[in-house]
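First comes the structure, then the notes that go with it.
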Amino acid sequence: MAKQPQNAISPTRAEDFPEWYQQVVRAADMAENSEVRGCMVIKPWGYGLWERIQSQLDAMFKATGHKNAYFPLLIPVSYLEKEAAHVEGFATECAVVTHHRLELKDGKMVPSGELTEPFVIRPTSETIIGAAFARWVQSYRDLPLLINQWANVMRWEMRTRLFLRTAEFLWQEGHTAHETPEDAMEETRKMHGVYETFLREHLAIPVIPGEKTEAERFPGALNTFTVEAMVQDRKAIQAGTSHFLGQNFSKAAGIEFESRAGQREFAWTTSWGVSTRLIGTLIMAHGDDDGVIMPPRVAPTQVVILPVTPKEDTKAAVLEACDKLASEIRAQSFHGEPILVEVDDRDLGGGVKNWEWIKKGAPLRLEIGPRDLEKGSVAVARRDRAPKDKEFLEAGSLAGRIPEILQSIQDGLLERALAFRNENTKRIDSMEEFRSYFTPSNEEKPEIHGGFAFAHWGGSAEDEERLQKELKVTIRCIPTSGDLCEEEAGECVFTGKPSARRVVFAKSY
RNA sequence: CGGGGCGUAGCACAGCUUGGUAGUGCGCCUGGUUUGGGACCAGGAGGUCGUAGGUUCGAAUCCUAUCGCCCCGACCA
C-alpha cells in the first residue's frame, strides 16, 4: 500500500497557492464550476456557510435599523445611463437581455420577440432602487430610508474564480437615503464598522478599515470605504465596501424631498455590500494544507460526532451514546444559538469520514468507540490542531465544555490571522526597499512574497497607475481606524512630497 | 482581448512524436476478509478520446477550424 501523503491537499499553499485554493474548494465540497461560463454551483457545505454569514449579518443590519426588500433582477438600460460615472464603470461588464421569447426554428430555439428597450441583468442596484426611492421619498419625514436587499447580481468578468470572482454572485446591498450629508456619511461609516466587526468577530479575519483613493472608488461615489483583509499568499482582498454617494444618484433618479425649511432638496444616499467573496476570503485566510478551517461562529456544522464501530455487537451502544452526546451538545448554546452538531453515521470507513470533515473544516470532531464507552471518554480533535492530535475528555462533562472549546478555536484563528498579517506588514521608507519588497525572486513562477507595505504617499492618480503597471501594487486604503491607523507626517516614498499619514500598499485580488 | 498551458471514464492522468480502433490509479457496484481508522482480495459497471470538418484502407494519435477550461496580464466585489 502506498504511503498516504502527510496532508490532504496537493499542491500545498507554498507550492502553488492558486491551485491549492481550487483544490480546497473541491475537497471541501463547497462549490463547483457549472456548465454556464463563469457561474458556479454552490454545494450544501458552501451554501450552508453562506446561510450562516447571511443570518448573522442580517441580524446586525436589523439591529442598526435596516429593513429588507427586494427589487427586480432586470434594469432598463436607460436607468444606467442616468449617472455618467456609473455607466462608465459598469457598461463593459453588463449582461444584456434583448428578447423575451423563443421560437423553434430548424430544430433550434431562437429568440424572436425583440424588446423595445433592452434590460441589463443587475450588476448592482443603485439605479433601480434609486427609482423606487424617488417614489417613496416625499418629505424629510420619510428619511432616513434604510433598506437592504439580499440578491444575486451578474458581472460579465473576463476571468473568474470560484467565490472570488464569478459572473453571477450572491450578495447583500444596502441602500439608504438621508436628509443631510452628515447623516449619510454617518451611515456609511456605521456600516463600514459593522463589516469590520463581522469580519473580526464572526469570520475571525482581522481587517484594515480605510478609505479608497479616487482611482479605486466605486463608480459614482464620492467616498468609498473598504475593509481590507490579508490572505495567506500575502495579497490583499477587499472584503466589504461602504459608499457615500452624495447626491449623485439622487439627482440621477430624482430622489427629492421637501425639507424642514420647506425647500425641495435632493437626498443624500449610501450603498454598502458584501458578497460570496467572503467565502473565498475565509478559505484563503484560514485554510491549511489539509483544507478549509471554518471559524466556529459561521461553521454550518460546528461539532461532528464520528461513531467508531469496529464490532457489530457494540455498534448499537456506540450509536446510542453518540446520539445522546449530540442532544446534550445541541442543548448548549454558542453566541446565543444552539450548537450545530451532526452525527456522521454513514456506512463508510472511519478514516475516510474523518478526513472528509478535516477537509471541510468542521471545528470539532468527536469520536466515540467501544473503549470510550467502557472508560467514559470521548476523543476530541480540534481542526486548528494537527489531524492526529486528539485529546480524551470525560464524556459526562464534555457537552458543557463545548462552547468554551469552540470559543478558544474562534479566538485562536483570529490571533493566528492577526499574527500572520502583522508579520507580513512592513513600514517602508525608501523606494528601493519598496521595490524589493514587491519583487518576487523567481520571475517565472513568482513565489509568495510581499505583504502590506505601510508607506507615505503624496502622489497623483497617474503616479498610482504607474505603480500598478510597474509592480502590480495598489493603494489598498488610507486607514481610518484600528491599530494601523496613525497620523504621522512624513515624505512620500515616490515623489518626496509631504504626506500626512501612511497608507497601505499591496498586491490584491 | 493579449501571452502560456490543457481538453481521453465521476476525479487525476498515461497513450499522440513513430496512425491499426483505449489504459492506469482513485472513486463507484457486488461478494468475501478486515476494523480506533484515509484497509485488503476477487469480480464488475462506466469512455462515439471537447466539437466539426479534412487526409487515410484505417485517426485519441496527422491537418484545419471552432468551443471550453486553467495560469499570467488588462477589468473588477
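In what follows, chains are A, B, ... by sequence order, proteins preceding strands, each numbered from 1. Only a predicted model underlies this, so the values are computations on that prediction, with no experimental measurement involved.
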For A/Phe17 and B/C70, what is the distance between atoms CZ and C1' respectively, to the nearest whole Å? 17 Å
Ionic contact status for A/Arg466 with A/Glu462, cut-off 4.0 Å: no
Which nucleotide in B/A12, B/C75, B/G36 has an atom nearest any side-chain atom of A/Glu157: B/C75
Record whether the side chain of A/Lys507 comes under 3.5 Å of the base of B/G73 through a donor-acceptor pair of N or O atoms. no
Write down the partner of B/G7 under the Watson-Crick or G-U wobble criteria, each distance required to be under 3.5 Å. B/C67
Can you figure out which of B/G38, B/C72, B/C76 approaches the side chain of A/Arg155 most closely? B/C76
When both distances are under 3.5 Å in a Watson-Crick or G-U wobble arrangement, the nucleotide paired with B/G47 is none
Sugar-phosphate, base or nothing in reach of A/Thr474, heavy atoms under 4.0 Å: nothing
In whole Å, what separates the P atom of B/A9 from that of B/G5? 22 Å
Just how far, in rounded Å, is C1' of B/U34 from CG of A/Asp347? 14 Å
Pick the P atom in B/C49 and in B/C62, then give their distance to the nearest Å. 15 Å
Spacing of A/Glu88 atom CD relative to B/C75 atom C1', expressed in whole Å: 13 Å
Whole-Å distance, A/Arg277 CZ to B/A77 C1', equals 5 Å
Please state whether the phosphate of B/C71, meaning OP1 or OP2, lies under 4.0 angstrom from any side-chain nitrogen or oxygen of A/Arg161. yes
Nearest-Å distance once atom C1' is located in both B/U18 and B/G27: 35 Å
Between B/C26 and B/G38, how far is it from one P atom to the other, in whole Å? 14 Å
Looking only at atom C1', what distance separates B/G50 and B/C70, rounded to whole Å? 15 Å
Electrostatic pair A/Arg435-A/Glu470, nearest N-O below 4.0 angstrom: yes
Does a side-chain N-to-carboxylate-O contact under 4.0 Å join A/Lys212 and A/Glu228? yes
Mind checking the C1' distance from B/G2 to B/C75? Whole angstroms is fine. 14 Å
Please work out if A/Lys469 contacts a base, only the sugar-phosphate, or nothing of the nucleic acid, heavy-atom cut-off 4.0 Å. nothing
Report the base-pairing partner of B/G31 (Watson-Crick or G-U wobble, both distances below 3.5 angstrom), or none. B/C41
A/Ile75 to A/Ser125 - nearest heavy-atom pair and separation: CD1-CA, 4.4 Å
Between B/C13 and B/U55, how far is it from one P atom to the other, in whole Å? 34 Å
Ranking B/G36, B/G38, B/C76 by distance to the side chain of A/Lys390, first place goes to B/G36
Rounded interatomic separation in angstrom, taking CG from A/Leu162 and P from B/C69: 12 Å
Out of B/C75, B/C71, B/G36, which nucleotide sits closest to the side chain of A/Arg371? B/G36
Between B/U17 and B/G7, how far is it from one P atom to the other, in whole Å? 15 Å
What is the distance from CD of A/Glu32 to P of B/G10, rounded to the nearest Å? 13 Å
Are A/His86 and A/Phe218 an aromatic pair by the rule of ring centers under 6.0 Å? yes
Please determine if A/Asp384 and A/Arg382 form a salt bridge, counting it only when a charged side-chain N lies under 4.0 Å from a carboxylate O. yes
Please tell me if A/Asn33 has a side-chain N or O lying less than 4.0 Å from either OP1 or OP2 of B/C70. yes
What does A/Gly369 touch in the nucleic acid at a heavy-atom separation under 4.0 angstrom: a base, only the sugar-phosphate, or nothing? base
Pair assignment for B/G73, Watson-Crick or G-U wobble, requiring both distances under 3.5 Å: B/C1
Does A/Trp171 lie flat on the base of B/A77, that is, centres under 5.5 Å apart and planes under 30° off? no
Upstream residue (5' side of RNA chain B) when A/Ala379 and A/Ala239 are each assigned their closest nucleotide: A/Ala379
I'd like to know if A/Asp288 and A/Arg383 make a salt bridge, using a cut-off of under 4.0 Å between side-chain N and carboxylate O. yes
Between A/Thr166 and A/Asn354, just flag the one whose closest nucleotide in RNA chain B comes earlier from the 5' side. A/Asn354
Phosphate contact (B/G73 OP1 or OP2) by A/Lys472 side-chain N/O below 4.0 Å: yes
For residues A/Pro209 and A/His192, determine if any side-chain heavy atom of one lies less than 4.5 Å from a side-chain heavy atom of the other. yes
Under a 3.5 Å cut-off for both contacts, is B/U17 paired Watson-Crick or G-U wobble with anything, and if yes, with which nucleotide? none
Please give the nucleotide sitting opposite B/G58 as a Watson-Crick or G-U wobble pair, both distances under 3.5 Å, or none. none
Heavy atoms under 4.0 Å, any strand shown: does A/Lys388 hit a base, just sugar-phosphate, or nothing? nothing
Select base, sugar-phosphate, or nothing to describe what A/Ile237 touches, counting heavy atoms under 4.0 Å on all strands. nothing
Identify which nucleotide among B/C11, B/G36, B/A77 has an atom closest to any side-chain atom of A/Arg26, counting heavy atoms from C-beta outward. B/C11
Could you tell me how far apart A/Arg346 (CZ) and B/G38 (C1') are, to the nearest whole angstrom? 13 Å
Phosphate OP1/OP2 of B/C76: any A/Gln468 side-chain N/O under 4.0 Å: no
NZ/NE/NH1/NH2 to OD/OE distance under 4.0 Å, A/Glu196 and A/Arg200: yes
A/Tyr195 OH to B/A77 P: how many Å, rounded? 13 Å
Give the nucleotide from the list B/C75, B/U35, B/G37 with an atom nearest to the side chain of A/Arg165. B/C75
Heavy atoms under 4.0 Å, any strand shown: does A/Thr241 hit a base, just sugar-phosphate, or nothing? nothing
Over all strands shown, is A/Gln22 touching base, sugar-phosphate only, or nothing at heavy-atom distances under 4.0 angstrom? sugar-phosphate
